[in-house]
Amino acid sequence: MAGRGGLLMLENFIGGKFLPCSSYLDSYDPSTGEVYCHVPDSGEEEVEAAVEAARAAFPGWSSRSPQERSQVLQRLADLLEQSLEELAQAECKDQGKTITLARTMDIPRAVQNFRFFASSILHHTSECTQMDHLGCLHYTVRAPVGIAALISPWNLPLYLLTWKIAPAIAAGNTVIAKPSELTSVTAWMMCRLLEKAGVPPGVVNVVFGTGPRVGEALVSHPDVPLISFTGSQPTAERITQLSAPHCKKLSLELGGKNPAIIFEDANLDECIPTTVRSSFANQGEICLCTSRIFVQRSIYSEFLKRFVEATRMWKVGIPSDPSADMGALISQAHLEKVRSYIKKARLEGARILCGEGVDTLNLPPRNQAGYFMLPTVITDVKDESCCMKEEIFGPVTCVVPFDSEEEVIQRANSVKYGLAATVWSGSVGRVHRVAKKLQSGLVWTNCWLIRELNLPFGGMKSSGVGREGARDSYEFFTEVKTITVKH
Ligand SMILES: NC(=O)C1=CN([C@@H]2O[C@H](COP(=O)(O)OP(=O)(O)OC[C@H]3O[C@@H](n4cnc5c(N)ncnc54)[C@H](O)[C@@H]3O)[C@@H](O)[C@H]2O)C=CC1
Ligand SMILES: N/C(=C\C=C\C(=O)O)C(=O)O
């Protein structure tokens, strides 16, 4: 919809209707730094209306059979798939990611999220145990919890939002989704498809705006009993505080400081391109991205040389360029934050081998004010440095040597996060041994980001609370009851 100055103007989606808001936020095109869209700056009033709509829709939706709900999810998946190109173009413009990534990863995965939960909801079974000596049979039943608040970040906008909406509504809940105010467009586009897919009004409501205003109104609302959040650890802390008085169910998917551990028997021909990708895909703005690379000393020099060469080949370009490997970062503030880590590393005596401040970035004149930076490799950096401890969430990775297996496990585990690790070795015994000892919710060995949606996804320590996946999301989005029958 065209709004002020011909710019795109989004509206909230509440009770099956698009509704204007009394105030709006500017949303920027990361590749130019120009305002291109206005996003509703919602608050308590909009949350109240969304809660009312979600409450009214709950009895009807929750009493449908899993088969009926599954069909609706399948139709929505089909409609999203038919709009794949349009959604990919929108995601690329709104987020700054490359069109290739949006086409091959973000939007296909959003489609898959609905297909996956449309199927998995049909296959859950409940538990039953016998106590013959007491003449008792015990079994469990599950029921949807109610109105779910779903809060998602800006890095994988539709991908992560649908990873929450799909299991929540498949299980019979009604939802109020709040996408990041920085990347709201594809969620709004999805709302245009809901009626055609057969999603009844009020089952999926989307309120746009900032965390402190609309986010807090949502998470502290007494009639919203569960919250699924993906984002930063400080925001998770705030959500936990606000929801604590109501004892809400919480699922928190947070950041990482993910290690790659590369042993001397690794296949470097596979490891190097994959580790470049795991460090810099989506501008390093994925919570699963590698940011600490530990390399066994005997291959350290060779690895470093080849890794830097491969990083220099990683093309930074305008997001709409299909040959670009990396686009623009999300915002000016984020670009400055990422750059500040490189400055700190320099001051601490680390060496920047390529990227920011070393190589030259060539951009068309129209994109000079965009939020671009080159993929950057840091070395000679201490484990205590903030670059090795804190989540940077940008195209920056540190490479350091190690000597023994025990030492590298201890160093990899020495951060507050525990989300994702990769281990590279030709020894089957070693990959199992090391994977088991890493404090990490996910370990990929000799690969990265191969997702099996059935299995638990999530982090340990400060990387989160709870897991998502076929069974885990079902358990989160339902309440279980144990029933005992004396016969
Ligand atoms: N999945 C991840 O691990 C992600 C990590 N981050 C990290 O967080 C840093 C900051 O990025 P942000 O966008 O500011 O992340 P954030 O955690 O503030 O935002 C994520 C979502 O939470 C909402 N939100 C923010 N404050 C809230 C509050 N008080 N109550 C309810 N909802 C609230 C935001 O509007 C957004 O929808 C990044 O630099 C990165 O390090 C950011 C995005 C994703
Ligand atoms: N939660 C994030 C990524 C998840 C990826 C997946 O489920 O495949 C993130 O980057 O915040």
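Counting starts at 1 for both ligands and their atoms, following the listed order.
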Do K257 and K416 make a side-chain contact, defined as non-hydrogen atoms from C-beta onward lying under 4.5 Å apart? no
Against K97, only a single residue in D106, N155, T183 fulfils side chain to side chain donor-acceptor pair (under 3.5 Å); can you say which? D106
Taking the non-hydrogen atoms of R109, is any one of them nearer than 4.0 angstrom to ligand 2? yes
Quick one: do R471 and E475 satisfy salt bridge (Lys or Arg N to Asp or Glu O under 4.0 Å)? Show the steps, please. CA-CA 6 Å; R471 178 103 214 143; E475 289 180 354; 2.9 Å; yes
At under 4.0 Å between heavy atoms, what of H334 touches ligand 1? The answer is side chain
Please report which non-hydrogen protein atom sits nearest to atom 12 (P) of ligand 1, along with the residue it belongs to and the distance in Å to one decimal place. W154 NE1, 3.5 Å
Evaluation steps, salt bridge (Lys or Arg N to Asp or Glu O under 4.0 Å), between E85 and R103: CA-CA 7 Å; E85 182 57 24; R103 276 184 187 137; 2.8 Å; yes
Salt bridge flag under 4.0 Å for residues E44 and R213: no
Does T230 reach ligand 1 with a nitrogen or oxygen that is under 3.5 Å from one of the ligand's nitrogen or oxygen atoms? no
Electrostatic pair R339:E336 at N-O distance under 4.0 angstrom: no
Could you tell me the residue and atom name of the protein heavy atom closest to atom 26 (N) of ligand 1, and the distance to it rounded to 0.1 Å? T235 CG2, 3.4 Å
Contact region, E216 to ligand 1, non-hydrogen atoms below 4.0 Å, reads both
Do any nitrogen or oxygen atoms of P153 lie less than 3.5 angstrom from nitrogen or oxygen atoms of ligand 1? no
With a cut-off of 4.0 Å, which atoms of ligand 2 are near a heavy atom of L160? 1 (N), 2 (C), 3 (C), 4 (C), 9 (C), 11 (O)
So, E181 side chain and F208 main chain: donor-acceptor pair closer than 3.5 Å or not? no
At a 4.0 Å threshold, what atoms of ligand 2 neighbour a non-hydrogen atom of L156? 3 (C), 10 (O)
Does a side-chain heavy-atom distance below 4.5 Å link Y28 with Y371? yes
Applying a heavy-atom cut-off of 4.0 Å, say which part of E468 lies close to ligand 2: side chain, backbone, both or neither. neither
Check whether any side-chain N or O of N446 sits under 3.5 Å from a backbone N or O of V431 as a donor-acceptor pair, and report yes or no. no
So is E253 in contact with ligand 2, going by heavy-atom distances below 4.0 Å? no
Tell me which protein heavy atom sits closest to atom 4 (C) of ligand 2, plus the residue, atom name and distance to 0.1 Å. F457 CZ, 3.5 Å
shortest atom 9 (C) of ligand 2-to-protein heavy-atom contact is with C287 SG, 2.8 Å
R115 vs D78, salt bridge (Lys or Arg N to Asp or Glu O under 4.0 Å): CA-CA, chis, key distance, verdict: CA-CA 9 Å; R115 293 232 166 93; D78 292 344; 2.8 Å; yes
Pair F393 and W154, ring centroids less than 6.0 Å apart: yes
K382 bridged to E348 by N-O distance under 4.0 Å: no
Spacing of CG belonging to N173 relative to CG belonging to L226, to within rounding of 0.5 Å: 6.0 Å
Please report whether atom 30 (N) of ligand 1 has a protein non-hydrogen atom at a separation of less than 4.0 Å. yes
Side-chain (S331) to main-chain (H334) donor-acceptor, under 3.5 angstrom: yes
Should one rank S180, S220, C287 by closest heavy-atom distance to atom 3 (O) of ligand 1, which comes out on top? C287
For ligand 2, which atoms, with element, lie under 4.0 Å from some heavy atom of L288? 5 (C)
Between CG on residue L254 and OG on residue S463, distance to nearest 0.5 Å: 7.0 Å
For D325 and R277, what are the C-alpha separation, side-chain angles and deciding distance, and is it a salt bridge (Lys or Arg N to Asp or Glu O under 4.0 Å)? CA-CA 9 Å; D325 297 302; R277 198 165 55 83; over 6 Å; no
Given that the side chain starts at C-beta and the backbone is N, CA, C, O, which of these parts of I286 lies under 4.0 Å from ligand 2, counting heavy atoms, or is it both or neither? both
Quick check against the 3.5 Å criterion: does K248 have a side-chain atom that pairs as donor or acceptor with the backbone of V219? yes
Numbered in order shown, the ligand 1 atoms found under 4.0 Å of a heavy atom of G215 are 30 (N), 31 (C), 32 (N)
What atoms in ligand 2 come closer than 4.0 Å to a heavy atom of T230? 1 (N), 11 (O)
Student check: side-chain heavy atoms of V434 and I409 closer than 4.5 Å: yes
So does Q332 have more than 12 non-hydrogen atoms from other groups sitting under 6.0 Å from CD? yes
Assess S463 for proximity to ligand 1: is some non-hydrogen atom of it under 4.0 Å away? no
Could you identify the single nearest non-hydrogen protein atom to atom 33 (C) of ligand 1 and state the distance to 0.1 Å? G211 CA, 3.2 Å
Can you tell which part of L254 has a heavy atom less than 4.0 Å from ligand 1: side chain, backbone, both or neither? backbone
Show me which atoms of ligand 1 lie under 4.0 Å from any heavy atom of E181. 34 (C), 35 (O)
If you have a sec, work out which protein heavy atom is nearest atom 37 (O) of ligand 1 and how many Å separate them, to one decimal? S152 O, 2.8 Å
Does the protein place any heavy atom closer than 4.0 Å to atom 35 (O) of ligand 1? yes
Go through ligand 1 atom by atom and flag the ones less than 4.0 Å from a non-hydrogen atom of F229. 17 (O), 20 (C), 21 (C), 22 (O)
Heavy-atom contacts under 4.0 Å between P234 and ligand 1: side chain, backbone, both, or neither? neither
Looking only at protein heavy atoms, which one is nearest to atom 42 (C) of ligand 1, and what is the separation? F393 CE2, 3.8 Å
So which protein heavy atom does atom 7 (O) of ligand 2 come closest to, and at what separation? R451 NH2, 3.0 Å
Tell me: protein heavy atom nearest atom 23 (C) of ligand 1, and distance? I151 CG2, 3.7 Å
Quick one: which ligand 2 atoms are inside 4.0 Å of a heavy atom on Y159? 5 (C), 6 (C), 7 (O), 8 (O)
Return a yes/no value for E391: is any of its N or O atoms, backbone included, closer than 3.5 angstrom to an N or O of ligand 1? yes
the protein heavy atom lying closest to atom 15 (O) of ligand 1 turns out to be S232 OG, 3.8 Å
How close does the nearest protein non-hydrogen atom get to atom 38 (C) of ligand 1, and which residue and atom is it? K337 NZ, 3.8 Å
